[in-house]
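Everything below concerns the one structure shown next.
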Amino acid sequence: MKNINGGTGTVCLIGNPIAHSFSPFIHNYGFDLHNINTVYLAHLVEDDSTLEQAVYGMKALNYLGCNVTYPFKTSVIPFLDELSEDAKLIGAVNTIHNRNGKLIGYNTDGLGFVEGLKNKGFNLNYKNVCILGAGGAARSIIVALLRSFNCNITICNRDVDKALEISDSLSWNNSFLGKIHRCITPSQLAMEKDLDVLINCTPIGMKPNDDCIPFSEQLSLNESMLVCDLIYHPYETKLLKDAKAIGCEIHYGLDMLIFQAILAFKIWTDKELPYNNVENLLMKKIY
Ligand code: NAP
């Protein structure tokens, strides 16, 4: 238990549900490591009707900041003073910094995924990348990939209009290195022959449905692919197991969880959370 006193600062998580979150564990480890007199708490916010009060309460009580999770990543935006460029493009915020009374919204999800890839030595320049899913996580990853790599992205979603909406809303941006090539439905996936990288941004394969593979009828893996999953429960999804078995390189969802936290911690404290330590702690805690 921390040595809480009159000078202890606060950071929190707001969302619903939040009881399962590993963020308090990760960030309290970081505050202890750096001897920062700050505590990270999880605050359940019932629904949108109390979100405004929660955010202004956090500001009034001079919290250093917070993480925002489901279902408030978009609905929190009207209560913030400023947004980072990425948060604007993504239309969602997962990290808020209270900088001298101004609430600034960031999105570290997609960049966390990309930092995880880079940390493992993967470079997606000139790669054909297929994103499965077109929800919030897919969108944040697409923005981060377009910014970081000269890659060609195909978005595959059962509701193709959602994929097209992402594509249309980002296509005007000429600061990106990469581009969105096309949007397809799962039935068209079987025709995609030149994919180098596959990223599962759907919840298919998550516990307790861990015997499922996204779009298994249409998906064909080959050994030269890099296959990534955002799911970290189980650690190794069936998609990753099958990919590994045929010789693909694979990338685990846990890395995104770790790196989005590393980036948020840096925003609040300007200090580093050490990846290896956090990974070891989470491996023991989660699995
Ligand atoms: P979301 O906004 O609800 O989007 C879910 C996407 O998955 C949608 O495109 C949806 O397709 C698709 N989908 C859902 N169920 C499906 C099914 N049965 N068959 C086909 N497609 C299906 O969720 P999200 O926030 O993007 O999160 C997606 C996944 O990423 C979750 O598993 C989440 O746990 C994981 N995630 C991991 C991290 C991490 O740190 N590792 C961070 C964020 C998210 P439609 O549009 O057609 O409905």
Side-chain angles (χ1 to χ4, degrees), residues 13 15-18 20-23 25-27 67-76 90-95 106-117 119-120 130-145 153-167 183-189 198-219 227-240 250-265 273 275 278-279 282-283 286-287:
L13 170 69
N16 187 0
I18 43 145
H20 64 285
S21 171
F22 297 106
S23 294
F25 180 72
I26 299 172
H27 292 294
N67 281 135
V68 184
T69 189
Y70 180 84
F72 303 123
K73 286 185 180 183
T74 297
S75 54
V76 78
I90 297 163
V93 158
N94 78 331
T95 302
Y106 298 86
N107 193 310
T108 68
D109 282 330
L111 202 54
F113 176 77
V114 165
E115 287 297 307
L117 282 181
N119 181 54
K120 291 276 154 70
C130 182
I131 305 278
L132 304 181
R139 192 181 171 94
S140 69
I141 284 177
I142 289 166
V143 168
L145 288 176
I153 295 180
T154 298
I155 311 174
C156 173
N157 201 46
R158 56 183 178 182
D159 176 354
V160 80
D161 286 345
K162 278 198 204 162
L164 287 166
E165 194 277 321
I166 295 179
S167 176
C183 297
I184 60 172
T185 59
S187 61
Q188 294 169 283
L189 195 57
L198 187 77
I199 306 173
N200 177 31
C201 302
T202 78
I204 304 168
M206 188 153 60
K207 265 188 193 290
N209 301 312
D210 42 358
D211 56 345
C212 296
I213 287 197
F215 316 133
S216 54
E217 311 258 290
Q218 297 86 7
L219 188 66
V227 179
C228 314
D229 210 321
L230 300 205
I231 292 168
Y232 56 86
H233 230 322
Y235 178 64
E236 192 167 280
T237 57
K238 177 148 172 40
L239 173 66
L240 294 186
I250 60 170
H251 187 66
Y252 296 100
L254 188 68
D255 272 15
M256 178 172 170
L257 178 73
I258 297 172
F259 276 97
Q260 62 75 31
I262 289 175
L263 294 169
F265 193 80
L273 267 176
Y275 168 81
V278 176
E279 189 199 28
L282 286 176
M283 290 299 284
I286 307 180
Y287 308 109

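Just follow the structure's listing: the first ligand is 1, and inside any ligand the first atom is 1.
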Around atom 42 (C) of ligand 1, find the nearest protein heavy atom and jot down its residue, atom name and distance. Met256 CE, 3.5 Å
Under 3.5 Å donor-acceptor, Ser140 side chain and Ala137 backbone: yes
Give me the nearest non-hydrogen protein atom to atom 28 (C) of ligand 1 as residue plus atom name, then the distance to 0.1 Å. Cys201 O, 3.3 Å
Give yes or no for whether the N/O distance cutoff of 3.5 Å, strictly under, is met between Lys162 and ligand 1. yes
Side chains of Leu254 and Met283: closer than 4.5 Å at any heavy-atom pair? yes
Would you confirm whether Asn94, through its side chain, and Thr108, through its main-chain N or O, come within 3.5 Å as a donor-acceptor pair? yes
Ring geometry between His251 and Phe113 (parallel below 30°, tilted from 30 to 60°, perpendicular above 60°): perpendicular
Flag side-chain contact, heavy atom, 4.5 Å: Ile199 against Leu145: yes
Thr95 versus Val68: any side-chain heavy-atom pair under 4.5 Å? no
Geometry only, no angles: is Leu257 polar-contacting ligand 1 at N/O separations under 3.5 Å? yes
Got a protein heavy atom sitting under 4.0 Å from atom 17 (C) of ligand 1? yes
Is atom 23 (O) of ligand 1 touching the protein, meaning some protein heavy atom lies under 4.0 Å away? no
Qualifying residue for side-chain contact (heavy atoms from CB on, under 4.5 Å) with Tyr232, from Thr237, Leu257, Asp255: Leu257
Any nitrogen or oxygen of Gly253, main chain or side chain, under 3.5 Å from a nitrogen or oxygen of ligand 1? yes
Can you check side-chain contact (heavy atoms from CB on, under 4.5 Å) on Val278 and Leu273, steps first, answer last? CA-CA 7 Å; Val278 176; Leu273 267 176; 4.2 Å; yes
Examine Ile231 against ligand 1 and note whether any of their N/O atoms are separated by less than 3.5 Å. no
Any idea which part of Leu254 is under 4.0 Å from ligand 1, heavy-atom wise: side chain, backbone, both or neither? neither
How far is atom 1 (P) of ligand 1 from the closest protein heavy atom, and which atom is that? Gly135 CA, 4.0 Å
Determine whether Asn16 and Tyr70 make a side-chain contact, defined as any pair of heavy atoms from C-beta on separated by less than 4.5 Å. no
Ligand-side contact atoms (ligand 1) for residue partner Leu230, heavy atom cut-off under 4.0 Å: 30 (O), 35 (C), 37 (C), 39 (C), 41 (N)
If hydrogens are left out, which of Ile199, Thr202, Asp161, Asn157 has an atom nearest to atom 8 (C) of ligand 1, that is, the closest non-hydrogen atom? Asn157
Mark up the atoms of ligand 1 that fall under 4.0 Å of a heavy atom belonging to Gly136, in ascending order. 2 (O), 26 (O)
Closest heavy-atom approach to atom 13 (N) of ligand 1 among Pro203, Cys156, Ala261, Gly133 is made by Pro203
Could you pull out, from Ala134, Ala137, Pro71, the option with a heavy atom nearest to atom 43 (C) of ligand 1? Ala137
Given the protein's heavy atoms, is any one of them under 4.0 Å from atom 3 (O) of ligand 1? no
What about Tyr232: any of its N or O atoms under 3.5 Å from an N or O on ligand 1? no
Which of parallel (below 30°), tilted (30 to 60°) and perpendicular (above 60°) describes Tyr287 and His233? perpendicular
Between the main-chain N or O of Asp161 and the side-chain N or O of Asn157, is there a donor-acceptor pair closer than 3.5 Å? no
Does ligand 1 have an atom under 4.0 Å from some heavy atom of Phe215? yes
Contact check, side chains of Asp229 and Tyr252, non-hydrogen atoms, under 4.5 Å: no
Among Gln260, Arg158, Met206, the residue with a heavy atom nearest to atom 47 (O) of ligand 1 is Arg158
